[in-house]
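Every heavy atom of this structure was used, including side-chain atoms; hydrogens, water molecules and symmetry mates were not. Predicted model only: the values in this text are computed from it and were never measured. Count residues from 1 along the sequence.
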Amino acid sequence: MKTELEEIQPAANSSFSLMVNPDLSDFFFWHFHPEFELVYIDGADGNRHVGKHLSKFKGSDLVLIGSYIPHLNFDYGVKTKYEKIVVHLRPDFLRLNLEGMPELNALQSLLIESQHGIAFHGKTKEHIGHSMKALYKMNGFEQLLEVFKILKFLSESEEFELLHQR
């Protein structure tokens, strides 16, 4: 199984990219990229393959994946109707937005932990899924603020599982 480098091009005036309902269910895409990836899929049962970790999810999934961690698209093989929202944070997101700001240390720790792949569950998944579904309706500045809120909420959650060791 060959791992492919995915090239993600956020807009020049943005530190992240947002994809809403990219339909890749018929495409096996084992890939990696330098960007951090936060993915929420709702209305589907599927396979979660992040690094060396392989498991199934039921109904929905919320996963934060670190830079250069190989993973499979979460909708591969899904035949039901579903929603999928993917946020890619530029690899320099930490340096550009978090460095030197002690109020954001927890977010930096979260992104460092994402090198293991993190699956969130319970109320965290429900709350963040709702927040992610609303992102596309916002302008760029509102999206950035909401992404910070999402990351803060995730950094404070105890409803998670580390998916693999590096």
Side-chain angles (χ1 to χ4, degrees), residues 3-20 22 29-42 48-55 57 60-74 84-166:
T3 308
E4 296 183 45
L5 172 65
E6 179 182 13
E7 293 189 29
I8 297 168
Q9 300 295 325
N13 61 350
S14 182
S15 55
F16 64 94
S17 67
L18 175 65
M19 295 190 310
V20 178
F29 191 34
W30 180 241
H31 65 287
F32 65 96
H33 39 73
E35 293 77 13
F36 297 92
E37 179 174 307
L38 180 62
V39 60
Y40 178 72
I41 185 167
D42 188 27
R48 180 191 302 133
H49 193 171
V50 178
K52 296 177 182 176
H53 176 90
L54 182 58
S55 61
F57 63 89
S60 63
D61 204 18
L62 175 65
V63 178
L64 178 61
I65 304 167
S67 295
Y68 295 103
I69 304 299
H71 55 282
L72 182 62
N73 48 305
F74 288 76
K84 186 169 85 169
I85 298 91
V86 182
V87 175
H88 288 111
L89 305 171
R90 292 175 22 173
D92 56 0
F93 186 82
L94 290 171
R95 184 178 51 76
L96 291 176
N97 297 305
L98 305 178
E99 196 172 275
M101 297 181 73
E103 298 86 355
L104 301 176
N105 284 346
L107 304 189
Q108 185 172 12
S109 295
L110 174 71
L111 292 180
I112 290 168
E113 275 298 291
S114 74
Q115 293 305 308
H116 300 282
I118 308 170
F120 295 90
H121 50 81
K123 296 288 184 190
T124 299
K125 180 171 66 170
E126 184 180 323
H127 175 76
I128 296 304
H130 180 73
S131 295
M132 288 181 69
K133 287 180 181 182
L135 280 171
Y136 79 95
K137 299 174 187 171
M138 301 174 185
N139 67 39
F141 184 73
E142 292 168 333
Q143 286 178 342
L144 179 62
L145 292 177
E146 191 64 23
V147 166
F148 276 120
K149 288 179 187 176
I150 287 169
L151 293 174
K152 181 178 185 313
F153 195 92
L154 293 176
S155 74
E156 295 171 346
S157 175
E158 295 181 7
E159 298 177 303
F160 68 90
E161 169 191 4
L162 295 180
L163 299 178
H164 77 96
Q165 300 299 316
R166 281 196 62 133

ask   = Hey, are the side chains of Leu89 and Leu111 touching, using non-hydrogen atoms and a 4.5 Å cut-off?
value = yes
message = Using side-chain heavy atoms (C-beta onward) and a distance below 4.5 Å, is Leu5 in contact with Pro34?
response = yes
Between [atom1] of [X] and [atom2] of [Y], what distance do you get to the nearest 0.5 Å?
| X | Y | atom1 | atom2 | result |
| --- | --- | --- | --- | --- |
| His116 | Ile65 | NE2 | CD1 | 14.0 Å |
| His88 | Ser67 | NE2 | OG | 10.5 Å |
| Gln115 | Tyr68 | CD | OH | 10.5 Å |
| His53 | Leu163 | NE2 | CG | 4.5 Å |
| Ile85 | Leu18 | CD1 | CG | 8.0 Å |
| Met19 | Glu37 | CE | CD | 6.5 Å |

Minimal non-hydrogen separation, [X] against [Y], with atom names:
| X | Y | answer |
| --- | --- | --- |
| Arg90 | Phe36 | O-CD1, 4.0 Å |
| Leu110 | Leu151 | CD2-O, 3.4 Å |
| Val39 | Phe74 | CG1-CE1, 3.4 Å |
| Ile69 | Gly51 | CG2-N, 3.9 Å |
| Met132 | Ile150 | CG-CD1, 3.8 Å |
| Ser155 | Leu107 | OG-CD2, 3.9 Å |

request  = Kindly check if the number of other-residue, nucleotide or ligand heavy atoms within 6.0 Å of CD (Glu7) is above 12?
outcome  = no
With no hydrogens and no angle check, do the side chains of [X] and [Y] hold a donor and an acceptor under 3.5 Å apart?
| X | Y | answer |
| --- | --- | --- |
| Arg48 | Ser55 | yes |
| His31 | Glu6 | yes |
| Lys149 | Ser131 | no |

task = Please say which of Ile8, Val147, Leu135 ends up in a side chain to side chain contact (heavy atoms under 4.5 Å, CB included) with Phe16.
result = Val147
task = Among Leu62, Asp42, Val63, find the one that has a side chain to side chain contact (heavy atoms under 4.5 Å, CB included) with Lys125.
result = Leu62
inquiry  = Could you walk me through whether Leu38 and Val86 satisfy the side-chain contact (heavy atoms from CB on, under 4.5 Å) test, starting with their C-alpha distance in whole Å, then the side-chain angles of each, then the deciding distance to 0.1 Å, before giving a yes or no?
reply    = CA-CA 6 Å; Leu38 180 62; Val86 182; over 6 Å; no
task = Kindly say whether Phe153 contributes a backbone atom to a donor-acceptor pair with the side chain of Ser157 at under 3.5 angstrom?
result = no
key: Donor-acceptor pair, side chain of Glu159 and main chain of Lys123, under 3.5 angstrom   = yes
request  = Tell me, with the steps shown, if Glu126 and His130 meet side-chain contact (heavy atoms from CB on, under 4.5 Å).
outcome  = CA-CA 6 Å; Glu126 184 180 323; His130 180 73; over 6 Å; no
key: Parallel, tilted or perpendicular: rings of His49 and Trp30 (30°, 60°)   = tilted
task = Could you go through the side-chain contact (heavy atoms from CB on, under 4.5 Å) check for Asp61 and Tyr40 one step at a time?
result = CA-CA 6 Å; Asp61 204 18; Tyr40 178 72; over 6 Å; no
